[in-house]
Amino acid sequence: MTAVTLRQLQFFLAVAESGSVSAAARRCHVSPGGISLAVTHLESTLGVPLTVRRKSKGAVLTPTGRWVAQRARALLADAEELESGARRLQEDLFGPLRIGCFTTLSPALMPSIVEHFATHHPAVDIDIVEESSVELSRMLRAGEIDACLAYALHLQGDIDRHRIAPVRLQVLLAPTHPLARKEEISLVDLADEPAALLSLQPAQDLVETVLRGAGFEPTITWRSRNAETVRSLVGRGLAYSIMMTRPPDDRTYEGLPLAYRRIADDLPDNALVLGCPRGVPPSGKITALIDYCRSEFGDESSPPGNGGTAIRHVRGHGG
């Protein structure tokens, strides 16, 4: 069966309410032939006569036509409500906002975002999705999330990246480690040291590529998907790590101190970004999210690599 269209229902209802094809044509700003053809197609699709049309005597509805007119009026009202509601969701600070966040970033970023929207835009309903950057990239392209906070180099595929703040990898050590006495460490100094690295992709591959780029094969003794597990291994003096994330407190869950040191080597430019589907104009909610993140976490006056704060709530060039 050929699908009934909203335009057919609109033209039929115009005939029903105006009493003639010519009056409906004037009302809808189309030709009488267009109105007549649409009604004929609607009758053919439904398989029932809806009107009795007599030349120069207008059109009257059949009993079935009166029932269809009533249903058409309700369907067109629902379609108009759907259109206006969708427009409101796109333009206004209202309705659902599903934000993905890289797992190591989420504790530092999402509570502040949720509080800001709850206070200033309470009609926005935020849903938090914490995943690896690979999964966030997939979900964004599939339309399963509205936006995601991640590192620029981690996102994959056709994604628009709205820059929030510069970030830079750092070496993480126990304060008692001999290298911790340096303010800046060359990666080659780590060649003979055991490493504990985050096993989330693509962060794992990016860090290992940086280490191999320094001219040695890293000795990776431990891996974990949990950043706090990696930090705890480092805090016990068992290994070093390379991380972007730096929580406000330089202590592990066990209360052991940690030392973050700048990497002396040249590193690929990176940034905390808000990823959005490629080519989709930002809604009012997304624009508000970008503005808040730049205001709260951004620090463009502190260029990458100078050891200053790139993200206010994540000290050092971390995220």
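- Minimum interatomic distance between L149 and C293 (heavy atoms only, all atoms of both residues): CD2-SG, 4.1 Å.
- In R212, the CZ atom is crowded: over 12 heavy atoms of neighbouring residues, nucleotides or ligands sit closer than 6.0 Å.
- A distance-only check finds a donor-acceptor pair linking the side chain of D265 to the backbone of L187 [under 3.5 Å].
- Around atom CG of L76, more than 12 heavy atoms belonging to other residues, nucleotides or ligands sit under 6.0 Å away.
- The environment of CG in D78 is crowded: more than 12 heavy-atom neighbours from other residues, nucleotides or ligands sit within 6.0 Å.
- Within the 4.5 Å cutoff, no side-chain heavy atoms of I242 are placed close to those of L172.
- A donor-acceptor contact closer than 3.5 angstrom is absent between the side chains of R73 and Q70.
- Using cut-offs of 30° and 60° on the angle between ring planes, the pair H120 and H116 is tilted.
- Listed by chain and residue number, R98 satisfy the salt bridge (Lys or Arg N to Asp or Glu O under 4.0 Å) test with D127 (two or more places apart in sequence, or in another chain).
- Two residues are said to be in side-chain contact when any heavy atoms from C-beta on lie closer than 4.5 Å; R251 and L256 fail this criterion.
- A donor-acceptor pair shorter than 3.5 Å can be found between the side chains of E130 and S106.
- A donor-acceptor distance shorter than 3.5 angstrom exists from the side chain of S18 to the backbone of A14, with no hydrogens or angles considered.
- Across all non-hydrogen atoms, the minimal contact from I286 to A147 is CD1-CB, 3.7 Å.
- The only member of L272, L109, L200 that meets side chain to side chain contact (heavy atoms under 4.5 Å, CB included) when paired with F102 is L200.
- Side chain of R262 to backbone of E184: no donor-acceptor contact under 3.5 angstrom is found.
- If you check the side chains of Y292 and S112, you find a donor sitting under 3.5 Å from an acceptor.
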>> Run M139 and C148 through side-chain contact (heavy atoms from CB on, under 4.5 Å) and show every step you take.
In response: CA-CA 9 Å; M139 295 179 75; C148 71; over 6 Å; no
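- Using a 4.5 Å heavy-atom threshold, the side chains of V124 and P122 count as separate.
- The two residues T229 and S224 come nearest to each other via the heavy atoms CB-OG, 3.4 Å.
- Considering CD1 of I159 and CZ of R141, their distance stands at 5.5 Å, rounded to 0.5 Å.
- Residues meeting the side chain to side chain donor-acceptor pair (under 3.5 Å) test with N226, sequence neighbours left out: none.
- Salt bridge status for D269 with R168: absent, with no side-chain N to carboxylate O gap under 4.0 Å.
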> Given E144 and R138, is the salt bridge (Lys or Arg N to Asp or Glu O under 4.0 Å) satisfied, shown in steps?
Replying inline: CA-CA 9 Å; E144 297 174 14; R138 184 200 66 77; 3.0 Å; yes
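- Proximity of a side-chain donor or acceptor of S36 to a complementary backbone N or O of P32 within less than 3.5 Å is not detected.
- Residues L233 and Y260 are members of separate hydrophobic clusters, defined by side-chain heavy-atom contacts under 4.5 angstrom among Ile, Leu, Val, Met, Phe, Trp and Tyr.
- Taking every heavy atom of both residues into account, R163 and V273 meet most closely at CA-CG1, 4.0 Å.
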>> side-chain contact (heavy atoms from CB on, under 4.5 Å) for T51 and F12? Distances and angles first, verdict last.
In response: CA-CA 9 Å; T51 63; F12 165 67; 3.8 Å; yes
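- Taking all atoms of both residues into account, the shortest heavy-atom contact from L153 to N270 is N-OD1, 3.2 Å.
- Residue L238 is not grouped with residue L197 when hydrophobic side chains (ILVMFWY) are merged at heavy-atom distances under 4.5 angstrom, including chains of intermediate members.
- Looking at K182, its side chain never comes within 3.5 Å of a backbone N or O of R261 through a donor-acceptor pair.
- Taking the six-membered ring wherever Trp is involved, the centroid distance between the rings of Y240 and H177 does not fall below 6.0 Å.
- Side-chain contact check for T62 versus V52: some heavy-atom pair is nearer than 4.5 Å.
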> Between E17 and R27, is a side-chain contact (heavy atoms from CB on, under 4.5 Å) present by the stated rule, with each step listed?
Replying inline: CA-CA 10 Å; E17 293 176 347; R27 173 174 163 177; 2.6 Å; yes
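- Counting non-hydrogen atoms of neighbouring residues, nucleotides and ligands closer than 6.0 angstrom, the CZ atom of R7 reaches no more than 12 such neighbours.
- The CD1 atom of I145 lies 5.0 Å from the CG atom of L140; values are rounded to the nearest 0.5 Å.
- The structure places CZ of R181 at 11.5 Å from CG of L173, a figure rounded to the nearest 0.5 Å.
- Under the 4.5 Å side-chain criterion, counting only non-hydrogen atoms from C-beta, L289 is not in contact with D291.
- The OG atom of S283 lies 7.0 Å from the CG atom of D146; values are rounded to the nearest 0.5 Å.
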>> As a quick check of understanding, evaluate side-chain contact (heavy atoms from CB on, under 4.5 Å) for I128 and I99, giving each step before the final call.
In response: CA-CA 5 Å; I128 303 171; I99 306 173; 5.9 Å; no
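- Between D160 and V280, the closest side-chain pair of non-hydrogen atoms is not below 4.5 Å.
- Here the closest non-hydrogen pair linking R161 and Q156 is NH2-N, 3.9 Å.
- In this structure, the side chains of H154 and L206 come closer than 4.5 Å at one or more pairs of heavy atoms.
- Cluster membership check: I263 does not share its hydrophobic cluster with V188, using side-chain heavy-atom separations under 4.5 Å among Ile, Leu, Val, Met, Phe, Trp and Tyr.
- Note: the hydrophobic cluster containing V171 also contains V210 (ILVMFWY, side chain heavy atoms under 4.5 Å, direct or indirect links).
- L42 and L75 fall within a single hydrophobic cluster, where Ile, Leu, Val, Met, Phe, Trp and Tyr side chains are chained together by heavy-atom contacts under 4.5 Å.
- A salt bridge is defined here as a Lys NZ or Arg NE, NH1 or NH2 lying under 4.0 Å from an Asp or Glu carboxylate O, and R231 with E254 fails to meet this definition.
- Under a cut-off of 6.0 angstrom, the local environment of CD in E115 is sparse, with at most 12 non-hydrogen atoms contributed by other residues, nucleotides or ligands.
- Separation of atoms CZ (R225) and CG (L198) is listed at 8.5 Å; rounding is to 0.5 Å.
- You'll find the side chain of S132 stays beyond 4.5 Å of the side chain of T103, heavy atoms only.
- Taken to the nearest 0.5 Å, the CG atom of L46 stands 12.5 Å off from the NE2 atom of H41.
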